[in-house]
Amino acid sequence: MAQSKQVVDEVTMKRALTRISYEIIEQNKGLNDLVLVGIKTRGIYLAHRIAKRLEQLEGLQVPVGELDIQFYRDDVHKIDHVEGAQLPVNITGKHVILVDDVIFTGRTIRAALDALMDEGRPRKISLAVLVDRGHRELPIRPDFVGKNIPTSLDEQIQVQVSELDGKDGISIERMEG
């Protein structure tokens with residue numbers, strides 16, 4: 001049985017994504033040669049939201065791609081179906097920003113880097129995450145963070161996006177037993 005506690009509501013989540021968008025603009029001095037790539041599943045929706053916000057702020061459309069990293073994971077052995085990468089442009093020479101909902105051990109991001117490099121050779125790769133919960137096992141650090149939410153190992157972060165879950169929010173679930 002799990003206990004769940006909402007820690008971020010819809011308004012706060014929107015603010016976090018807006019803050020990430022502003023930081024992307026500031027650190028890149030514009031949006032030329034920028035490509036957002038969302039990691040399946042929720043990272044894809046977050047990448048589209050960031051791209052929409054960037055367009056509102058700067059008047060430029062940033063291409064958004066999708067990455068399915070299941071085949072590249074080192075902790076999953078049985079894979080039924082992998083879609084791979086769906087990229088709207090060639091990423092060689094571009095600044096790619098990987099977008100994911102939560103960073104934990106770093107293994108998902110390591111797999112995403114492998115998958116991305118099979119698609120081309122970006123000039124630079126950055127990482128944007130909605131939540132950094134700590135407990136890294138690999139030397140991977142996000143460049144853009146919406147919220148730092150420290151957790152214990154018996155807790156999980158659940159990100160909800162309206163496109164999939166009917167509402168936006170972030171909860172912590174504590175596993176009992």
Side-chain angles (χ1 to χ4, degrees), residues 8 10-73 82-104 106-133 140-149 157-170:
V8 173
E10 178 180 355
V11 172
T12 306
M13 188 166 146
K14 185 176 181 179
R15 273 192 209 118
L17 291 171
T18 296
R19 187 170 46 258
I20 289 171
S21 302
Y22 276 112
E23 289 176 8
I24 288 170
I25 293 166
E26 288 172 15
Q27 288 189 23
N28 290 286
K29 298 174 181 60
L31 305 177
N32 295 335
D33 290 331
L34 194 67
V35 180
L36 297 175
V37 177
I39 299 173
K40 188 179 179 183
T41 297
R42 285 169 178 77
I44 294 168
Y45 297 105
L46 299 175
H48 281 285
R49 289 185 192 188
I50 291 169
K52 184 177 178 182
R53 192 68 177 121
L54 291 171
E55 184 176 1
Q56 290 169 344
L57 295 168
E58 294 291 299
L60 292 171
Q61 286 188 340
V62 175
V64 179
E66 301 179 3
L67 203 56
D68 182 348
I69 53 94
Q70 290 181 58
F71 177 72
Y72 293 88
R73 292 190 63 96
V82 175
E83 294 174 16
Q86 297 176 21
L87 302 174
V89 295
N90 183 341
I91 61 169
T92 298
K94 304 281 189 195
H95 178 185
V96 173
I97 299 180
L98 283 170
V99 180
D100 204 6
D101 56 350
V102 179
I103 185 166
F104 179 37
R107 293 186 181 282
T108 295
I109 304 308
R110 187 215 47 87
L113 291 169
D114 288 348
L116 207 54
M117 296 309 279
D118 280 353
E119 297 296 325
R121 190 176 190 293
R123 175 179 50 82
K124 179 179 180 180
I125 301 173
S126 298
L127 174 60
V129 297
L130 180 59
V131 177
D132 184 345
R133 65 170 284 194
I140 293 174
R141 180 181 55 85
D143 301 281
F144 310 101
V145 178
K147 283 286 193 190
N148 285 293
I149 303 176
I157 296 284
Q158 297 296 326
V159 172
Q160 295 177 310
V161 292
S162 57
E163 297 90 339
L164 285 177
D165 307 303
K167 68 177 186 171
D168 287 341
I170 302 170

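All values below come from the heavy atoms of this structure, side chains included, with hydrogens, waters and symmetry mates left out.
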Test side chain to side chain contact (heavy atoms under 4.5 Å, CB included) on R49 and D168; report intermediate values, then the result.
CA-CA 12 Å; R49 289 185 192 188; D168 287 341; 2.8 Å; yes
Give the intermediate values and the outcome of salt bridge (charged side-chain N to carboxylate O under 4.0 Å, His left out) for residues D143 and K124.
CA-CA 12 Å; D143 301 281; K124 179 179 180 180; over 6 Å; no
Criterion side chain to side chain contact (heavy atoms under 4.5 Å, CB included) on I109 and I39, from CA distance to verdict:
CA-CA 9 Å; I109 304 308; I39 299 173; 3.8 Å; yes
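By the salt bridge (Lys or Arg N to Asp or Glu O under 4.0 Å) test, R42 is found to be paired with D165, residues two or more places apart in sequence or in another chain being considered. Applying the side-chain contact (heavy atoms from CB on, under 4.5 Å) rule to P63 yields the partners V35, P88, V89; only residues at least two apart in sequence or on another chain are considered.
Inter-residue side-chain proximity for E10 and Q160 is flagged as unmet; no heavy-atom pair is nearer than 4.5 Å. Side-chain contact between L54 and I25 is present, with at least one heavy-atom pair separated by less than 4.5 Å. Looking at heavy atoms from C-beta onward, F144 lies out of side-chain contact with I50 at the 4.5 angstrom threshold. You'll find the side chain of I125 reaches within 4.5 Å of the side chain of M117, heavy atoms only. Considering only heavy atoms from C-beta on, Q56 stays 4.5 Å or farther from T18 through its side chain.
More than 12 heavy-atom neighbours from other residues, nucleotides or ligands sit within 6.0 angstrom of CZ on R123.
Listed by first and then second residue, the side-chain hydrogen bond (donor to acceptor under 3.5 Å, both in side chains) pairs involving residues 19-29 are N28-H95 (not counting sequence neighbours).
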